[in-house]
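Here is the structure we will look at.
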Protein chains: 2
Amino acid sequence: MKKVFILLSGLMLSLSVCGQEARPVIEDFKPSEVNQPGKQFPQVNSQGRVRASIAAPDAHKVQLDIGGTKYDMIKDANGVWTGDSNPQDEGFHYYQLNVDGAAVPDPGTQYFYGAGRWGSGIEIPATDKDFYALKNVPHGLVSENIYFSKLTNSFRRCFVYTPAGYHENAKTRYPVLYLQHGSFEDETGWQAQGKADLILDNLIAVKQAVPMIIVMDNGYAYSPLTNGATAKNEQLASVFEAVLITEVIPIIDSKFKTIADREHRAIAGLSMGANQTMRIMMNHLDTFSYYGGFSGTANYPDTNRLDPATFLDGKYKDGESLNKKIKLFWLGLGTKEPTPFPKSIGAFKAMLDQQKIKYEFYESPETAHEWLTWRRCLYQFAPKLFK
Amino acid sequence: MKKVFILLSGLMLSLSVCGQEARPVIEDFKPSEVNQPGKQFPQVNSQGRVRASIAAPDAHKVQLDIGGTKYDMIKDANGVWTGDSNPQDEGFHYYQLNVDGAAVPDPGTQYFYGAGRWGSGIEIPATDKDFYALKNVPHGLVSENIYFSKLTNSFRRCFVYTPAGYHENAKTRYPVLYLQHGSFEDETGWQAQGKADLILDNLIAVKQAVPMIIVMDNGYAYSPLTNGATAKNEQLASVFEAVLITEVIPIIDSKFKTIADREHRAIAGLSMGANQTMRIMMNHLDTFSYYGGFSGTANYPDTNRLDPATFLDGKYKDGESLNKKIKLFWLGLGTKEPTPFPKSIGAFKAMLDQQKIKYEFYESPETAHEWLTWRRCLYQFAPKLFK
């Protein structure tokens, strides 16, 4: 019996390696909801398989490249190549096509900034997709806010969500959540991939969340090089913390109807953004009172036991005092996240436990280090703010 | 001597046909300003040539497809293909790459919606680029406004520019310009390709234009199909005019601090948008008092003499009355625009002349039916509004 298992798992491994999967393909494919207007491909079926299609009459090899695997596509008599992926996790995924060795965006999809480039994305409908659906409820606005940053000597940009009613109610003032993207992403991610605006529209419409402003800035911020050195030759030090504290927050507080105190400011981020915002939170407890870390903590990628006396310069040494100051310390993680996230966040949680620091921990079922985890984190986190 | 001219022009024609040009290439290429962050290609040189480059080690033919011409690219020892276009007009152009027959976006650029798809764009720096440059002046905000349209039974979206100071000055109310894109474009065009926000930021900063709100909606709007017919089988009738008048304007007037009367409303558009907005203007002189038609008129594509008794149901019959009602009737056109624009707009102007209807006419030097024409039109038109 044991031999059969070994044989079977060996077989599954070999099937997986060559990019095929044993289960029969169910032919109920529908165009992806993030396709370009009028485009029929890519499509998604009820198994979560992605079917891509592209006309490339003179190509000799075309592949669908998604989730770390390249799937060979097949050419028909008209020169149109089509191919399916294995089932993908629910939620949003970046992907690309490969045409005779050229890695290119799929001309069928809208484009998203992630993995360090503008490229194709696809949406595998989630069982709980209702919470981030576009519904006929009052909608907030998302505004592009360009500002000149003296610290980086460059124009920068943040997106600002103002909740429904913000413009109509001239005198109402609102609390603010500062919300950061992950590595190789930018300030567009939380709206485009994260659907932060729709999640909040839906939560606010049923009074599960307090109407709030959300500010989404770019976590990459560096001092200008002054000595003629090029970026390649230097390990650039991030000035994002200073940009956020001394440039962005004052702009937001002067331009928008905020309640400008720590009781009405939250900060959260995903992955790299969780790491960044945790440091900023702990350095500026006079500025923020709520924290959300989605799939990341400040000890990343370290998985070792943390010593509160030295970790982050001892910022977690006095648990009693932190419990008084911090209104919410919230952590989230997908159950399918890869190494080192579970162990790294586990080590951080163990340190919080040791220090008797209160926190909440949420696990997103069956999701990895991807946007459905973070949509769910925001959906769980936002209702706990400013109450 | 005549023979020499014929020979020369024949030679130039043949050079042009095979995608090459006799003038030597000047090696002063720089990355295009609308490249993705960190991407070195595509590049543009001082002649306006575009140099594209893509790794496609297994391809046998790669082309740069811009301005209606496909230019063969050449493969180096590393499998990287590179190729130059002939000089392009100043301004913004859509383009794509062709890899063994697959028409794909260039992975080096940001993507824009035009020509009916999200795809690559490139910017040839214009001699007058200063007027739409990103400068350290007070910047307005551009907000994405999602609304449910009963007329189309769908969610729609407009972008709303609010000028610098809008949010800080709680009581100030502003006039509104409704500004429409062209065919196969959408509500993103005027900001992304048109730089409407930067043009107005710059004009308002030096007090050449009055601070105003700009609303950019999607000109494609159709009634839902009720009889099970598919869009392909029907000539759908546009309901954009009704959407704008009965849905968008009331939303804008309730959500934003507008001055909600005809004296403080302008409407303008480019190409298809000029055609649409001219009809809307003439049907709703109680709603708008300023009009701008950029590279388009309501007689498009007709180039024949217009009879004011019948054209647009006789809306131009009474020139004297129109001169009293309309504060500005403004038309613009690029000097290099193709057939039928010059003749079609010429026929329309002749009709205005015949009816003694006052109008202003602007010609954009050396530009075709492209975004630099329309940026310049907006730059010329906006200062004349609401004064």
Side-chain angles (χ1 to χ4, degrees), chain A residues 36-39 54-62 79 81 96-111 113 116-119 134-137 139-148 155 159-160 162 166-168 170-171 186 191 197-198 201 220 231 254-257, chain B residues 36-39 54-62 79 81 96-111 113 116-119 134-137 139-148 155 159-160 162 166-168 170-171 186 191 197-198 201 220 231 254-257:
Chain A
Q36 295 188 25
K39 295 289 174 74
I54 186 171
D58 307 322
H60 34 141
K61 188 172 189 180
V62 180
W81 297 73
Q96 60 191 354
L97 300 180
N98 197 294
V99 181
D100 284 347
V104 292
D106 184 338
T109 71
Q110 295 179 58
Y111 303 123
Y113 192 76
R117 53 105 180 97
W118 284 95
L134 174 56
K135 298 182 193 176
N136 199 358
V137 297
H139 288 283
L141 295 183
V142 177
S143 303
E144 182 195 47
N145 184 39
I146 296 169
Y147 62 96
F148 184 79
F155 289 99
F159 286 92
V160 182
T162 47
Y166 178 94
H167 285 267
E168 292 86 342
K171 289 184 180 165
D186 72 8
Q191 184 190 10
D197 53 335
L198 300 181
D201 287 344
Y220 292 99
S254 76
K255 193 171 276 186
F256 293 90
K257 292 176 291 166
Chain B
Q36 294 188 24
K39 295 287 175 76
I54 185 171
D58 307 321
H60 32 137
K61 189 173 190 178
V62 181
W81 297 73
Q96 60 193 354
L97 300 180
N98 197 294
V99 180
D100 284 346
V104 292
D106 184 338
T109 71
Q110 295 180 57
Y111 303 121
Y113 193 77
R117 55 107 181 95
W118 284 96
L134 174 57
K135 298 182 193 176
N136 199 359
V137 298
H139 289 281
L141 294 185
V142 177
S143 303
E144 182 194 47
N145 184 39
I146 296 170
Y147 62 95
F148 184 78
F155 288 99
F159 286 92
V160 181
T162 46
Y166 178 93
H167 285 267
E168 293 85 344
K171 288 186 181 163
D186 72 7
Q191 184 191 11
D197 53 334
L198 300 181
D201 287 343
Y220 292 100
S254 76
K255 194 171 275 186
F256 293 90
K257 293 177 291 165

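This one's a predicted model, so the numbers in the text were calculated from it and none came from an experiment. Residue numbers begin at 1 in each chain, while the letters A, B, ... track the order of the sequences.
- Listed for the A:W118 side chain is no donor-acceptor partner under 3.5 Å among the backbone atoms of B:Q36.
- Between B:H167 and A:H167, the angle of the ring planes goes over 60°, which puts this pair in the perpendicular group of the 30/60° scheme.
- Aromatic ring orientation, A:H60 versus B:H60: perpendicular (interplanar angle above 60°, classes split at 30° and 60°).
- The environment of NZ in A:K61 is sparse: at most 12 heavy-atom neighbours from other residues, nucleotides or ligands sit within 6.0 Å.
- Contact annotation for A:D197: only side-chain heavy atoms (C-beta onward) come within less than 4.5 Å of a heavy atom of chain B.
- Between A:Y166 and A:F256, the ring-plane angle classifies as tilted under the 30° and 60° cut-offs.
- Neither the backbone nor the side chain of B:Q96 comes within less than 4.5 Å of any heavy atom in chain A.
- Contacts of B:A170 with chain A are absent, with no heavy-atom separation under 4.5 Å from either backbone or side chain.
- Neither the backbone nor the side chain of B:N98 comes within contact range of chain A; no heavy atom of the residue lies under 4.5 Å from a heavy atom of that chain.
- Interface check for chain B: of the options A:N136, A:D106, A:N145, the most heavy-atom pairs under 4.5 Å are formed by A:N136.
- Chosen from B:F148, B:F155, B:Y147, the residue pairing most often with chain A at heavy-atom distances under 4.5 Å is B:F155.
- Contact check for B:I54 versus A:V104: side-chain heavy atoms found under the 4.5 Å cut-off.
- Looking only at heavy-atom pairs under 4.5 Å with chain A, the residue among B:G79, B:S143, B:P37, B:G38 that has the most is B:S143.
- When all heavy atoms are compared, the tightest approach of A:W81 to A:A59 is CZ2-O, 3.2 Å.
- For the options A:H139, A:K255, A:E168, heavy-atom pairs under 4.5 Å to chain B are most numerous at A:K255.
- Scanning both residues, B:A56 and A:A102, for their nearest heavy atoms gives CB-CB, 3.6 Å.
- B:L134 touches chain A through backbone and side chain together, each having a heavy atom under 4.5 Å away.
- For A:K257, no part sits under 4.5 Å from any heavy atom of chain B, backbone or side chain.
- Interface residue B:Y113: only side-chain heavy atoms are found under 4.5 Å from chain A.
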